[in-house]
Protein chains: 2
Amino acid sequence: MRKRFTRPTQVIHKGQAVSGAYLVTDGQLRVFTYTPQGSEATLYFIRPGETCVLALNCLFNDLRYPVWIESDADTAVDIIPGPLYRRLFECESAVQDLTVKALSTLVFRLMDELEQIHTCNLDQRLANFLLSNASAQGVLQMTQQELAGHLGTTREVVARLMQGFVAQGLVSTRRGAVTVVDTVGLARVVNPSDCIF
Amino acid sequence: MRKRFTRPTQVIHKGQAVSGAYLVTDGQLRVFTYTPQGSEATLYFIRPGETCVLALNCLFNDLRYPVWIESDADTAVDIIPGPLYRRLFECESAVQDLTVKALSTLVFRLMDELEQIHTCNLDQRLANFLLSNASAQGVLQMTQQELAGHLGTTREVVARLMQGFVAQGLVSTRRGAVTVVDTVGLARVVNPSDCIF
DNA sequence: GCTGTTGTGTAGCATTTGCTACAGATAGAA
DNA sequence: TTCTATCTGTAGCAAATGCTACACAACAGC
């Protein structure tokens, strides 16, 4: 079964039961939590070709969904019903591989994220986020509010850091987007003691 | 093959190639990274019956080990060589299940950790750590330095928070150990806006 | 007992981050 | 155009955390 979201949509909310395996074919899903103050913190993205590992988790362990998921605009998702997926997993080695690979990838992403939080301060994490998520032309279509959500901080802080980057000539900002100007310079912000493994 | 560590030992260091699947049968392993300042930050523990998922990851994806691992005193580990494990995974559904379960569990732990970092401040995380890791009698045999490592902070901060807890009559401290006195009170520190899911 | 090592308590300051508040800028709708 | 909603820039203060420095306490070995 395929679902298509034309605009940002809440796909799953915390506590909900999981209906099946989600396979993103287009666009992206965002997995996030809320802070007590109500601001969002992105845990990770699910991109085309990837599946929602948490949904798999919940399927295999009969758990309720532990976080929120929201779709980008223009996102398509294939949904494989839970029981079917479990049957497939038992006999299809391709499905097994896919499952394990997906889980592995996520584990690495989460550990990377954790390590970053422990070892980098916000400007490094922001720089890293910009570098990782900007298009080939260096453009990132995202408001500062959204950026703040991805980093688990607030808009003002992002604005402050952004101004710092602008002052150093590393990026340029405009309403709803950031452009990376000096990739190498930004990388130096992230890097001084190598916080990406 | 079984290995036994009678004293805290560096089992794997970052960048090392992985030789096989590690199955903890006794004691525990600690997976951690270093901050630029040289202090440690624990990512998670591997307890008896569990396997080192990162090692699995590395096996399946031919990666080098991304973090450090250290054993507790008195820890026993079964090591299944990589190629053998991969063969087993292909034909034994029990091994498949074990693998997926192990990965799933870790994903949840990491997400929990991430969520905690985003939503709780240090005193809540410390309180939570004490509650989760104290023995049935409420005793936790650990120096403040080690506690700091587990939370990714420094000894002084732990000492400060600890004093707060002592002042509130929640715990008592002595050299190399902490005793939880008022479990309910500590839980209230963690809880006010429910940061454990 | 003495001595060295390790762990703990405490203080003070620097830095980072969060929060409040408001002004100006930009884009879209009417 | 004007109005409105949203986004951004900025300032200033509060709180949390990190870092340095030192005194004292507990334990181990001699």
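To find a chain, count down the sequence lines: A is the first, B the second, and so on, and within it residues start at 1.
- One atom, CZ of B/R125, and another, C1' of D/dA16, lie 13 Å apart when rounded to the nearest Å.
- Here the C1' atom of nucleotide D/dT17 and the CD1 atom of A/I117 are 15 Å apart, to the nearest Å.
- Side chain of A/T143, nearest nucleotide from D/dG18, C/dT17, D/dT8: D/dT8.
- Where A/N121 and B/A159 each meet DNA chain C at their nearest nucleotide, the meeting point lying more 5' is that of B/A159.
- The separation between B/Q163 atom CD and C/dT10 atom P is 5 Å, rounded to whole Å.
- Checked against D/dT17, C/dA21, C/dG18, the side chain of A/T154 finds its nearest nucleotide in C/dG18.
- Distance, A/R175 CZ to C/dT26 C1': 4 Å, rounded to whole Å.
- Distance from the side chain of B/T153 is smallest to D/dG18 among D/dT10, D/dG18, C/dT6.
- Going from atom CZ of B/R155 over to atom P of D/dT20 covers 13 Å, rounded to whole Å.
- Whole-Å rounding puts the B/R160 CZ to C/dC13 P distance at 14 Å.
- Between the side chain of B/Q28 and the backbone N or O of B/I46 there is no donor-acceptor pair closer than 3.5 Å.
- Ranking C/dG18, D/dT8, D/dA21 by closeness to the A/V157 side chain, first place goes to C/dG18.
- Rounded to whole Å, atom P of C/dG9 lies 8 Å from atom CE of B/M162.
- A/Q163 places no side-chain N or O within donor-acceptor distance of the main-chain N or O of A/R160, the cut-off being under 3.5 Å.
- For B/T173, whose side chain is taken as the heavy atoms from C-beta onward, the closest listed nucleotide among D/dC27, C/dG9, C/dT17 is C/dG9.
- A/R174 comes within 4.0 angstrom of sugar-phosphate atoms only, judged by non-hydrogen atoms across all strands, and of no base.
- Side chain of B/N121 to main chain of B/D123: no donor-acceptor pair is present (N/O by atom type, distance under 3.5 Å, no hydrogens or angles).
- Neither OP1 nor OP2 of D/dT6 sits under 4.0 Å from any side-chain N or O of A/Q144.
- At least one side-chain heavy atom of A/L126 sits less than 4.5 Å from a side-chain heavy atom of A/M162.
- Straight-line distance from the CD atom of A/Q141 to the P atom of C/dA27: 12 Å, rounded to whole Å.
- By the 4.0 Å N-to-carboxylate-O rule, B/R30 lies too far from B/E146 to be salt-bridged with it.
- Side-chain atoms of A/L122 lie closest to C/dT17 of the nucleotides D/dT8, C/dT17, D/dG18.
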